[in-house]
Amino acid sequence: MERFGGQIMCVSTLPPMTSPLNNMPLYRQLADLLAKQIEEGKLRPGQPLPSELHLQQTYGVARGTVRMAMRELRDRGLVVTVHAQGTFVAEQG
């Protein structure tokens, strides 16, 4: 955390989204970033993914972008969403 003008700001150590000028849509960039965290074991099977709000704030994207990224990860078989509980890393294998 850093102090800025009397306010405390949280400074993320996570990698920022790549440039919006990139030809790849932001939702796919976010999905790829989360997929990489799953592949590297930073997000493990059964572990919940961060909330939509957390992902929005961390990566500076809209809610729709986060939802599309979650759909992309579900389509890839990397996560499962349980109604009223959240989205979790799927068992791989």
Side-chain angles (χ1 to χ4, degrees):
M1 296 222 200
E2 291 184 12
R3 206 170 266 287
F4 180 77
Q7 296 179 337
I8 296 176
M9 299 178 61
C10 185
V11 177
S12 175
T13 59
L14 296 173
M17 292 299 297
T18 57
S19 169
L21 300 176
N22 184 327
N23 289 333
M24 186 181 300
L26 283 176
Y27 79 90
R28 187 155 299 144
Q29 293 178 50
L30 178 57
D32 288 348
L33 189 136
L34 293 169
K36 183 176 180 183
Q37 291 180 10
I38 292 168
E39 291 164 9
E40 292 175 347
K42 293 177 182 173
L43 293 171
R44 293 183 218 81
Q47 182 177 355
L49 266 65
S51 69
E52 285 182 359
L53 180 60
H54 178 82
L55 292 170
Q56 284 176 253
Q57 292 174 341
T58 300
Y59 297 106
V61 295
R63 183 178 186 187
T65 301
V66 172
R67 288 184 170 195
M68 290 174 68
M70 292 298 116
R71 185 177 321 128
E72 176 80 15
L73 292 172
R74 277 193 304 275
D75 291 347
R76 295 182 195 181
L78 294 174
V79 301
V80 293
T81 300
V82 180
H83 181 69
Q85 292 187 13
T87 301
F88 301 85
V89 178
E91 294 289 335
Q92 305 300 310

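Grouped with F88 in one hydrophobic cluster are V80, V82, the linkage being side-chain heavy-atom contacts under 4.5 Å among Ile, Leu, Val, Met, Phe, Trp and Tyr residues.
Here the closest non-hydrogen pair linking L55 and P50 is CD1-O, 3.7 Å. When all heavy atoms are compared, the tightest approach of R44 to V89 is O-CB, 3.2 Å. Between A90 and P45 the shortest heavy-atom distance is O-CB, 3.9 Å.
Rounding to the nearest 0.5 Å gives a distance of 11.5 Å between CG of L33 and CG of L26. The distance from atom CG of L34 to atom CG of L78, rounded to the nearest 0.5 Å, is 9.5 Å. Atom NE2 of H83 sits about 9.5 Å away from atom CD of Q85, to the nearest 0.5 Å. With rounding to the nearest 0.5 angstrom, the CD atom of Q92 is 8.5 Å from the CD atom of E39. Taken to the nearest 0.5 Å, the CE atom of M70 stands 12.0 Å off from the CG atom of D75. To the nearest 0.5 Å, atom CZ of residue R28 and atom OG1 of residue T65 are 13.0 Å apart.
Residue pairs meeting the salt bridge (Lys or Arg N to Asp or Glu O under 4.0 Å) criterion with at least one member in residues 53-67, sequence neighbours excluded, are E52-R63, E52-R67. For residues 76-93, the salt bridge (Lys or Arg N to Asp or Glu O under 4.0 Å) pairs, not counting sequence neighbours, are D32-R76, E72-R76.
Considering only heavy atoms from C-beta on, V79 stays 4.5 Å or farther from L43 through its side chain. At least one side-chain heavy atom of L73 sits less than 4.5 Å from a side-chain heavy atom of L49.
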